[in-house]
Amino acid sequence: MADLRTNFLGIKSPNPFWLASAPPTDREVNVTRAFKAGWGGVVWKTLGEDPPIVNVNGPRYGAIHGADRRLLGFNNIELITDRPLDINLQEIKAVKRAWPDRAVVVSLMVPCEERSWQSILARVEETECDGVELNFGCPHGMSERGMGSAVGQVPEYIEMVARWCKQHTRMPVIVKLTPNITDIRYPARAALKGGADAVSLINTVSSIVSVDLDTFSPNPSIDGKGSHGGYCGPAVKPIALNMVAEIARDAETRGMPISAIGGITTWRDAAEFIAMSAGTVQVCTAAMTYGFKIVEEMIAGLSGWMDSKGYATLDDFRGRAVPNVTDWQYLNLNYVTKAHIDQDLCIQCGRCHIACEDTSHQAITAMVDGRRMFTVKDEECVGCNLCVEVCPVENCITMVPMAAGAVDPRTGRTVEPGYANWTTHPNNPMARQAAE
Amino acid sequence: MSASRSTPGIAAGRLSTAEYAANFSDVHPPLDRHEARVESDRCYFCFDAPCQNACPTSIDIPLFIRQIATGNEIGAAETILSANVFGGMCARVCPTETLCEEACVREAAEGKPVKIGLLQRRATDALLEAGRQPFRRAAETGRRVAVVGGGPAGLACAHKLAELGHAVTVFEARDKLGGLNEFGIASYKTTGGFAQREVEFVLSIGGIAVETGARLGETITLEGLRRDFDAVFLGVGLAAVNRLDLAGEGTLAGVYDAVDWIAGLRQARSMASVPVGRRVVVIGGGMTAIDAAVQARRLGAEEVTVVYRRGEDAMKASLYERQLAQTNGVLIRTWAAPAGLHGDGGLVTGVAFERTAETGGRLAGTGETFTLGADMVLVAIGQALASTSLAGAPALKLAGGRIVVDGERRTSMPGVWAGGDCVAGGQDLTVTAVEDGKQAALSIDRALRGAMVA
């Protein structure tokens, strides 16, 4: 049985599965239930200064559903905790005392003034929690007041606040980043410069999930009006994975601990983020959809997969995907593939044909010898993978690499052995000239 | 009612009100909105979809299912009805397992096709409930077409002609339109007076006059119609039934023609008023035999046996229908032909059968006999074109006792088209009748417009 124990900035937890700062971690009763269910840690829902904020009294959530009401994307306009600071602090202290082996990190959001941060850090420290996470992410409500993503969108502010926090507390400081920026590396570098111990990402993506076509109000609708919210859930996982990868492979931030967040729903998602260098993973939407029990699947799935691969600890595969993330210009242009359709698996739906015919390269037949049959025309196939992705049968269509020395019937060129990329390609006006 | 399942002889009211209600409710309950959404999501929206190619009326199935998936059920119904105005009935009675659903790629993939029939019903029910008229008639052409027979073939033809701007008169021998939709199909497939609601919907396009009680060869003649109208469509069905040709047939009480018996049942105001035997023998192997047998059981018959002279593979009733009979407690016996009727005091008491065998492709009796006790015998050994209906039309070419038509459903007689069960080479299905009517209407339209140009 694989060892899932995690040590993140010295914060120990029995497994890498933490609940993200959100409604599931707003109070002692929820967090206690989560720990009983097996979660390795929590990031307590963001604390602010008293008096507590107020939430809307109408709906806070919206969603994108699949046909069977499977929740694919989730949106919220809830703010930080709306409970008094004292109560939260008392409960955090009680929980940490009752569950010493679990990680309890406290999320914070106060105005961009040193005194505010200094004051709340001192009080949080008294709870004996394991660390703090600076909420520079929330894109709605709090950002209008100069907090949340309003800070996360300005690297100088990130650096400044991170520095204050490191000065005023002995606790590890994690900076939570907003994805609502153009290049995630800049805020990550700022956090590092400010002395933050780690970054966590992504917070939610600014979003309007739908418009009611009768009332023309955005959803969720508060008395006929709506406001953008934060988008999360399975739909945002690819965005998060890319941003984690960008930070993991950036020359300046490489090696900076990352707690990954964003649509993590199953053990597979978690394993992918850990392979992309995440130290821990944080989950919210999946728990809010299915309840805390999902962590059992995550633990069992991750450790079962690790056993099957021979990984004894998380460190054995952490970051293994990072070296394989590269820039487009370095992709091997000598790697030539052709789609291949397994006729025994093909169910004759024809989606590969029409997708290719209408929108790509006219490289798949619909009829062969007067019979409905879908085969790839190698002389037209550019190996784009569209047919693979639209085929309803897994592994029916595969991309088969051509061997070096073979002639690509599309280009008439011989597939060259070895590696060659755009930087040296003759069509590249900026190509580096080979020595004459 | 004092009758029960075990009451001897033929009796009505064998069951409780609740049992009747349960037995004659929808055999396939409709999908609710959410079920339809989930099911529609299973459709792959195939290219050149095999299901559409398998549909005799070529309904654009992937499109209407995608419309259901996006919450546009009325739009889905319009897609269906534009190809098949009887899409509602076809959703209920089509042997989808041998048509669209057999062709569904999910049948190949996992043996579980998309429930196309139920989705079609979801959409067409929604449109009928909304009372929406999706068709608009073209400008009047001034041309008049006579349609003989108010069944699915005739009404489909009438509807398409009316849509194209022609004036149509439908002549129907019975007092009600609908044909086998109204008088033939098993009642648990078309509950709640659906057949008449659908007929009303079809007629609501306008431009269609109806004359009931008009029987070809009696009150109207083909020659007269040819004279008075610009074109004639024959959708007369098969009004005559084949006979056993056994002594006692026609004199012994308790021997019924299954088609007539089902028609009576379909028109009964209450199932409790329909008499049924305690022991029922159904002779035949087609859909009518199965419909009669299952409904006899559902009326409370204690024992129902279907006897067919060949093997199960040769039965015209589909596998699905045969299984429906079996799960309803109907015993199907094969390789036996009726050899005699037994009676006592003018009432039938049993049927003698001779076992049969096929040797060298020929069916023959083996000499071995057995007798099944019965107080009711339902004869379902096929129907034929009524000999009187085409009297005076010797020029109409027949094959196997049915009218010969070409690909456009033109008969051998100029100006006369035909379709549905009365034409040769058909499949005797509602959906093929609808297609015949539609194709004939398009052909008539082409002919009439050609004449107008000329």
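Sequence lines set the chain letters: A, B, ... in the order given, protein chains first and strands last, and positions in each chain run from 1.
Remark: the backbone N or O of F47(B) is not paired with any side-chain donor or acceptor of R351(A) at under 3.5 angstrom. No donor-acceptor distance shorter than 3.5 angstrom exists from the side chain of R69(A) to the backbone of H34(B), with no hydrogens or angles considered.
In this structure, R446(B) places its CZ atom where more than 12 heavy-atom neighbours from other residues, nucleotides or ligands lie under 6.0 Å away. Shown here is K338(A), whose NZ atom has more than 12 heavy atoms of other residues, nucleotides or ligands within 6.0 Å. Atom CG of D406(B) is surrounded by more than 12 heavy atoms from other residues, nucleotides or ligands within 6.0 Å. Annotation for H340(A): atom NE2 does not count as buried by contact number, only 12 or fewer foreign heavy atoms lying within 6.0 Å. Annotation for K377(A): atom NZ counts as buried by contact number, over 12 foreign heavy atoms lying within 6.0 Å. Atom CG of N57(A) has 12 or fewer neighbouring heavy atoms from other residues, nucleotides or ligands inside a 6.0 Å radius.
To the nearest 0.5 angstrom, R42(B) atom CZ is 11.5 Å from D68(A) atom CG. A distance of 9.5 Å separates CD1 of I354(A) from CZ of F45(B), quoted to the nearest 0.5 Å.
For A69(B), no part lies near chain A; criterion is any non-hydrogen pair under 4.5 Å.
The nearest pair of heavy atoms linking A67(A) to V38(B) is O-CG2, 3.9 Å.
Each of P392(A), C346(A), C349(A) was checked for a side chain to side chain contact (heavy atoms under 4.5 Å, CB included) with V105(B), and the lone residue meeting it is C349(A).
Among H353(A), Q348(A), R372(A), the residue with the largest count of heavy-atom pairs under 4.5 Å with chain B is R372(A).
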